[in-house]
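Here the structure comes first, spelled out in structure tokens, and everything after it is commentary.
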Amino acid sequence: MMRENEQNETISTLKTVPIKEDTLQKERMGLPQADIGSGKTVSFLDSSGSMFYVAGGTKVSFSVELDKSASVEMGYISNNGTKTQTYNGTGSSHNTSFEITNTGYYRFYVTNTSSSTIRVTGGTISF
């Protein structure tokens, strides 16, 4: 659970997008379309709007497809609000893999560091 003051900050800086989970393979989720304004961040939560529970030592693969080439940062945010960047690059297809060291609840984020709005057209989170 987030403290009330963190939730207020999160609402003003992050757009959260629930992910529809594949019922046959719970570990792999497809990303829905989402627009991200310049300098804005979108974080992805599970289909119930909750953070993902990830066991320590789990390898996560996170990919994002965009409607055009753009500069983005990607990574994860823990339930206490700690943001960990795992990727920074330019293009229309972005991939990052990382290990979650501590068991807990996490959401995965994309920040648009380009000067125009971009659209997430697809991608996956798998662990």
Side-chain angles (χ1 to χ4, degrees):
M1 281 249 171
M2 294 171 33
R3 292 185 295 256
E4 190 171 318
N5 63 342
E6 289 180 50
Q7 183 177 12
N8 291 340
E9 180 181 342
T10 299
I11 289 170
S12 65
T13 60
L14 293 176
K15 174 182 177 183
T16 55
V17 181
I19 298 171
K20 184 175 182 181
E21 296 170 58
D22 185 331
T23 55
L24 299 176
Q25 186 182 4
K26 284 265 193 207
E27 297 83 21
R28 185 178 180 94
M29 285 68 64
L31 300 184
Q33 285 195 359
D35 290 334
I36 311 173
S38 176
K40 300 295 182 184
T41 298
V42 169
S43 67
F44 296 95
L45 302 173
D46 72 12
S47 60
S48 67
S50 300
M51 297 176 92
F52 293 97
Y53 179 78
V54 183
T58 299
K59 183 178 178 183
V60 176
S61 295
F62 182 18
S63 71
V64 174
E65 302 294 326
L66 304 175
D67 64 339
K68 59 186 171 188
S69 181
S71 297
V72 300
E73 294 176 357
M74 297 167 58
Y76 59 93
I77 303 170
S78 68
N79 64 339
N80 68 5
T82 302
K83 188 175 184 179
T84 303
Q85 180 183 322
T86 61
Y87 175 86
N88 183 351
T90 301
S92 59
S93 181
H94 304 274
N95 301 286
T96 181
S97 294
F98 47 89
E99 183 176 312
I100 297 290
T101 53
N102 297 313
T103 298
Y105 290 91
Y106 298 89
R107 62 183 181 255
F108 303 98
Y109 77 88
V110 178
T111 299
N112 176 4
T113 57
S114 353
S115 59
S116 63
T117 297
I118 57 175
R119 172 169 283 185
V120 173
T121 57
T124 59
I125 298 171
S126 59
F127 54 88

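- Between the side chain of T86 and the backbone N or O of T96, no donor-acceptor pair lies under 3.5 Å.
- Closest of all the heavy-atom pairs between S97 and K59 is CB-CE, 3.7 Å.
- Rounding to the nearest 0.5 Å gives a distance of 9.0 Å between CD1 of I100 and OG of S78.
- Atom CG in L31 sits 4.5 Å away from atom CZ in F44 (nearest 0.5 Å).
- Here the shortest heavy-atom pairing between G49 and L45 reads O-CD1, 3.4 Å.
- Interatomic distance, NZ of K40 versus OG1 of T111, reported as 11.0 Å (0.5 Å rounding).
- Residue-environment remark: OH (Y87) exceeds the threshold of 12 foreign heavy atoms within 6.0 Å.
- The shortest distance between side-chain heavy atoms of V120 and E65 does not fall below 4.5 Å.
- Checking side-chain atoms of K68 against main-chain N and O of T117 turns up a donor-acceptor pair under 3.5 Å.
- Here OG of S43 is found 8.0 Å from CE of M51. Values are rounded to the nearest 0.5 Å.
- Within the 4.5 Å cutoff, side-chain heavy atoms of K83 are placed close to those of T41.
- A 4.5 Å side-chain heavy-atom check between V72 and V64 finds every atom pair outside the cut-off.
- Partner of F52 under the ring pair (Phe, Tyr, Trp, His ring centres under 6.0 Å) criterion, out of Y106, F108, F62: F108 alone.
- Side-chain contact check for Y76 versus V60: every heavy-atom pair is 4.5 Å or farther apart.
- We find the CZ-CD1 distance between R107 and I77 to be 4.5 Å, quoted to the nearest 0.5 Å.
- With sequence neighbours left out, the side chain to side chain donor-acceptor pair (under 3.5 Å) criterion links T90 to S71.
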- Task: Decide side chain to side chain contact (heavy atoms under 4.5 Å, CB included) for D67 and I118; before the verdict, give the C-alpha distance in whole Å, the side-chain angles of both, and the deciding distance to 0.1 Å.
- Result: CA-CA 7 Å; D67 64 339; I118 57 175; 4.2 Å; yes
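- The OG1 atom of T58 sits 11.0 Å away from atom CZ of F98, with the distance rounded to the nearest 0.5 Å.
- For the side chain to side chain donor-acceptor pair (under 3.5 Å) test, no residue two or more places apart in sequence or in another chain qualifies with E73.
- In this structure, T103 contributes its side chain and A55 its backbone to no donor-acceptor pair below 3.5 Å.
- The closest donor-acceptor contact from the side chain of S38 to the backbone of S114 lies under 3.5 Å.
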